[in-house]
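Note sheet for the following structure.
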2 protein chains.
Amino acid sequence: MSDVYRALSDPTRRRILELLRERPMTAGELAAHFPHAKPTMSGHFNTLKAADLIVGEKSGTTITYRLNLSVLEEALMGLMNRFRIGRDDHDR
Amino acid sequence: MSDVYRALSDPTRRRILELLRERPMTAGELAAHFPHAKPTMSGHFNTLKAADLIVGEKSGTTITYRLNLSVLEEALMGLMNRFRIGRDDHDR
DNA sequence: ATGTTATTTCGGTGTTTACCGAATCAACAA
DNA sequence: TTGTTGATTCGGTAAACACCGAAATAACAT
């Protein structure tokens with residue numbers, strides 16, 4: 001669960017998530033959006049997978065990644081609640 | 001602005017913010033909540049200050065830190081918006 | 001001046017991270 | 001089987017990070 005925070009802490013990974021919000025994409029398609037080498041991108045995919053923020057489906061020779069929105073949602077909501085942001089604080 | 005994400009990525013720093021949400025505390029008071037040495041904690045305070053997430057006010061020999069809630073709020077809201085979480089997505 | 005207390009900065013260590021090129025793997029086609 | 005393509009894992013490097021003990025600073029009291 002703390003993997004999520006770690007995953008979100010890198011700008012490249014945040015951008016990957018943003019791209020995947022539009023539509024699922026293959027590893028190569030995603031990589032084309034960044035100036036990094038393929039192995040670097042693959043590493044980022046692994047980090048995001050470990051946090052369960054993305055899921056990869058292999059089909060033939062390509063892997064299509066899609067965003068796991070519910071996990072991202074839960075993580076952000078968790079943060080909001082933790083700091084009591086975005087709702088009233090009645091018991092004060 | 002990316003300092004905020006970095007600051008949030010460490011569990012100790014998240015806990016510091018959580019503690020400061022209850023009430024402002026001095027550096028020593030905060031440090032007493034953790035198993036780390038003073039210099040380590042001081043480093044965390046610096047990171048949080050750099051992200052503008054906390055503000056320190058010196059008074060005599062002590063420094064009292066308080067949470068800068070608005071910055072935290074903005075950061076989290078920014079994340080929510082970026083991933084279009086917590087609101088309707090009308091233009092689809 | 002000397003000491004005390006709260007906190008920071010300094011110097012250094014071990015670990016983690018982001019990155020790359022080269023090698024590898026898996027699926028498919030000729 | 002040989003090659004091609006999409007993607008990964010391997011081995012290694014340089015930078016960043018969390019952590020610590022020791023030394024420094026700053027305010028205050030004796």
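Keep in mind the model is a prediction, meaning the values are calculated, not measured.
Relative to the axis of its first five pairs, the axis of the last five pairs of the helix from C:dA1-D:dT30 to C:dA30-D:dT1 sits at 0°, rounded to 10 degrees.
In this structure, B:V71 and B:A51 approach most closely via the heavy-atom pair CG1-O, 3.8 Å. B:M41 and B:A31 make their closest contact through CG-CB, 4.0 Å (heavy atoms, listed as atom of the first residue, atom of the second, distance). Scanning all heavy atoms of the two residues, the minimum distance from A:L17 to B:F83 falls at CB-CE2, 3.6 Å.
To the nearest 0.5 angstrom, A:D10 atom CG is 8.0 Å from A:T47 atom OG1.
B:R15 is listed as a side-chain neighbour of B:L19, based on a closest heavy-atom distance under 4.5 Å. At a threshold of 4.5 Å between non-hydrogen side-chain atoms, the residues A:N68 and A:L53 do not count as touching. Residues A:Y65 and A:L48 have side chains not in contact (no heavy-atom distance under 4.5 Å, counting atoms from C-beta outward).
Looking at B:S9, its side chain does come within 3.5 Å of a backbone N or O of B:R6 through a donor-acceptor pair. Here the side chain of A:R14 pairs a donor or acceptor atom with the backbone of A:L8 at under 3.5 angstrom.
A search for salt bridge (Lys or Arg N to Asp or Glu O under 4.0 Å) contacts involving B:R82 returns A:E18, not counting sequence neighbours.
You can see that DNA chain C meets the heavy atoms of chain A within a 4.0 Å-exclusive cut from C:dT17 to C:dC28, reading 5' to 3'.
For the pair A:D10 and A:S59, nearest-nucleotide mapping onto DNA chain C gives the more 5' position to A:D10.
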Check the pair A:T40, A:F34 against side chain to side chain contact (heavy atoms under 4.5 Å, CB included), reporting the backbone distance first and the verdict last.
-> CA-CA 10 Å; A:T40 302; A:F34 300 86; over 6 Å; no
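Near DNA chain C, defined here as any heavy-atom distance below 4.0 Å, the residues from residues 43-52 of chain B are B:F45, B:N46, listed numerically. For the segment residues 25-42 of chain B, the set of residues with a heavy atom within less than 4.0 Å of an atom of DNA chain C comprises B:T26, B:A27, B:G28, B:K38, B:P39, B:S42, in numerical order.
Counting only residues at least two apart or in different chains, salt bridge (Lys or Arg N to Asp or Glu O under 4.0 Å) contacts with residues 47-74 of chain B are absent.
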